[in-house]
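Below is one structure; the comments refer to it alone.
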Amino acid sequence: MNYWLMKSEPDAFSLENLKAKPTSWDGVRNYQARNHMKSMKQGDQVFFYHSSCKDIGIVGIAQVIKESYPDHTAWNPKSDYFDARSSPENPLWYMVDIEFVREFSHTMTLSSLKESPELANMNLLKRGNRLSVMPITEEEWNIITLKSQYL
DNA sequence: GCCAACGTTGGC
DNA sequence: GCCAACGTTGGC
């Protein structure tokens with residue numbers, strides 16, 4: 001099993017929304033993020049991260065319930081995510097399905113993550129990082145889930 | 001293949 | 001709203 005982090009702007013889609021209903025993670029139009037999704041396996045665990053909002057940070061956990069398959073929104077000219085280079089015969093973009101697992105009692109804020117010396121090498125904390133889907137090491141996963149119990 | 005211009009992300 | 005950092009595009 002592998003561990004991941006996925007970012008979402010809560011104004012657009014929050015952990016509360018995911019709690020209500022599993023979702024397909026469509027609209028990713030970055031090759032690195034796409035490749036990460038393509039290597040996801042069913043049951044992989046995901047930190048759900050709220051970005052560009054008041055309370056920035058990891059708010060809970062989701063898991064992969066369906067492995068990568070073509071993102072059909074790329075084929076719809078009316079979609080914001082339309083990309084003429086992608087077709088059903090030759091898909092360019094992929095998505096996975098995820099479901100809610102649990103919510104942290106308090107957000108593991110970005111600033112608190114930055115304060116942990118043992119997390120200094122996290123992709124998320126690297127300067128200028130903009131990737132919306134990224135891998136998390138097992139060690140980082142364990143540190144963060146443990147800390148989340150003491151917030 | 002280089003690189004300038006542009007658009008986007010996302011913290012502050 | 002600002003702006004640094006990054007990915008992508010496209011001319012050459």
Side-chain angles (χ1 to χ4, degrees), chain A residues 2-20 22-40 44-64 67-98 100-137 139-141 143-148 150-151:
Chain A
N2 288 305
Y3 302 100
W4 309 93
L5 179 143
M6 293 167 107
K7 294 180 185 174
S8 185
E9 298 189 13
D11 288 347
F13 191 86
S14 69
L15 187 65
E16 288 302 312
N17 296 133
L18 185 65
K19 192 189 279 187
T23 194
S24 44
W25 209 250
D26 61 13
V28 171
R29 295 293 178 267
N30 170 285
Y31 289 103
Q32 228 183 323
R34 179 202 68 179
N35 293 343
H36 286 321
M37 287 201 295
K38 281 180 119 173
S39 54
M40 287 181 180
D44 278 3
Q45 300 292 294
V46 179
F47 281 140
F48 200 92
Y49 179 92
H50 282 174
S51 66
S52 297
C53 59
K54 188 157 167 281
D55 203 15
I56 297 166
I58 299 167
V59 291
I61 294 174
Q63 67 181 351
V64 177
E67 295 177 11
S68 71
Y69 59 106
D71 181 348
H72 55 77
T73 63
W75 308 331
N76 178 2
K78 288 180 180 152
S79 168
D80 288 343
Y81 304 126
F82 178 67
D83 186 340
R85 298 171 300 170
S86 185
S87 66
E89 297 73 29
N90 199 5
L92 181 60
W93 302 113
Y94 288 79
M95 58 190 179
V96 296
D97 288 357
I98 61 170
F100 174 85
V101 174
R102 68 185 177 90
E103 183 173 14
F104 290 165
S105 55
H106 300 281
T107 302
M108 274 295 280
T109 61
L110 179 61
S111 56
S112 71
L113 294 171
K114 284 177 177 170
E115 283 167 9
S116 304
E118 64 266 54
L119 297 175
N121 290 327
M122 267 185 90
N123 288 322
L124 179 72
L125 304 181
K126 296 220 171 99
R127 199 166 70 116
N129 168 66
R130 291 168 28 188
L131 201 56
S132 63
V133 179
M134 66 183 78
I136 295 282
T137 68
E139 187 185 9
E140 290 161 354
W141 181 272
I143 290 167
I144 292 168
T145 49
L146 184 65
K147 277 180 186 290
S148 75
Y150 298 101
L151 291 175

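Chain naming here is simple, since letters A, B, ... match the order of the sequence lines and numbering starts at 1 in each. This one's a predicted model, so the numbers in the text were calculated from it and none came from an experiment.
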Problem - Touch class at under 4.0 angstrom, heavy-atom based, for A/Arg34 against every strand present - result: nothing
Completion exercise
Nearest heavy-atom approach of A/Ser116 to A/Ser112 is OG-O, 3.4 Å
Practice task
Send over the distance from A/Lys54 NZ to B/dC12 P, rounded to a whole Å.
Solution key: 15 Å
Problem - Short side-chain N/O contact from A/Tyr49 to OP1 or OP2 of B/dT9, under 4.0 Å - result: no
Practice task
Please check if the side chain of A/Ser24 supplies one atom and the backbone of A/Asp26 the other of a donor-acceptor pair under 3.5 Å.
Solution key: no
Practice task
Return no unless some side-chain N or O of A/Arg29 is found under 4.0 Å from OP1 or OP2 of B/dT9.
Solution key: no
Problem - Rounded interatomic separation in angstrom, taking CG from A/Leu92 and P from C/dT9 - result: 10 Å
Problem - OP1 or OP2 of C/dA5 under 4.0 Å from side-chain N/O of A/Arg127 - result: yes
Fill in the blank from the handout: Rounded to whole Å, the CD-C1' distance (A/Gln32 to B/dT8) equals 15 Å
Exercise for the section: Using the six-membered ring wherever Trp is involved, compare the ring planes of A/Phe48 and A/Phe13 and label them parallel, tilted or perpendicular (cut-offs 30° and 60°). Expected result: tilted
Exercise for the section: If the plane angle is over 60° it's perpendicular, under 30° parallel, otherwise tilted; pick one for A/Phe47 and A/Phe104. Expected result: perpendicular
Exercise for the section: Nearest whole angstrom, please: distance from the P of B/dT9 to the CG of A/Asn123. Expected result: 19 Å
Handout entry: Sugar-phosphate only, base, or nothing, as touched by A/Lys114 at under 4.0 Å among non-hydrogen atoms
Key = sugar-phosphate
Practice task
Would you mind telling me which of B/dG11, C/dT8, C/dT9 lies closest to the side-chain atoms of A/Ser52?
Solution key: B/dG11
Handout entry: Whole-Å distance separating the CG atom of A/Leu110 from the C1' atom of B/dT9
Key = 14 Å
Handout entry: Protein-nucleotide distance (A/Met6, atom CE; B/dG10, atom C1'), rounded to Å
Key = 18 Å
Fill in the blank from the handout: To the nearest angstrom, the CG-P distance between A/Leu113 and B/dG10 comes to 15 Å
Problem - For atom CG of A/Leu131 and atom P of B/dG10, their distance in whole Å - result: 8 Å
Practice task
Quick one: closest heavy-atom pair of A/Gly27 and A/Thr73, and the distance?
Solution key: N-OG1, 4.2 Å
Exercise for the section: Counting heavy atoms from C-beta on, name the nucleotide in B/dG10, C/dG7, B/dG11 closest to the side chain of A/Lys7. Expected result: B/dG10
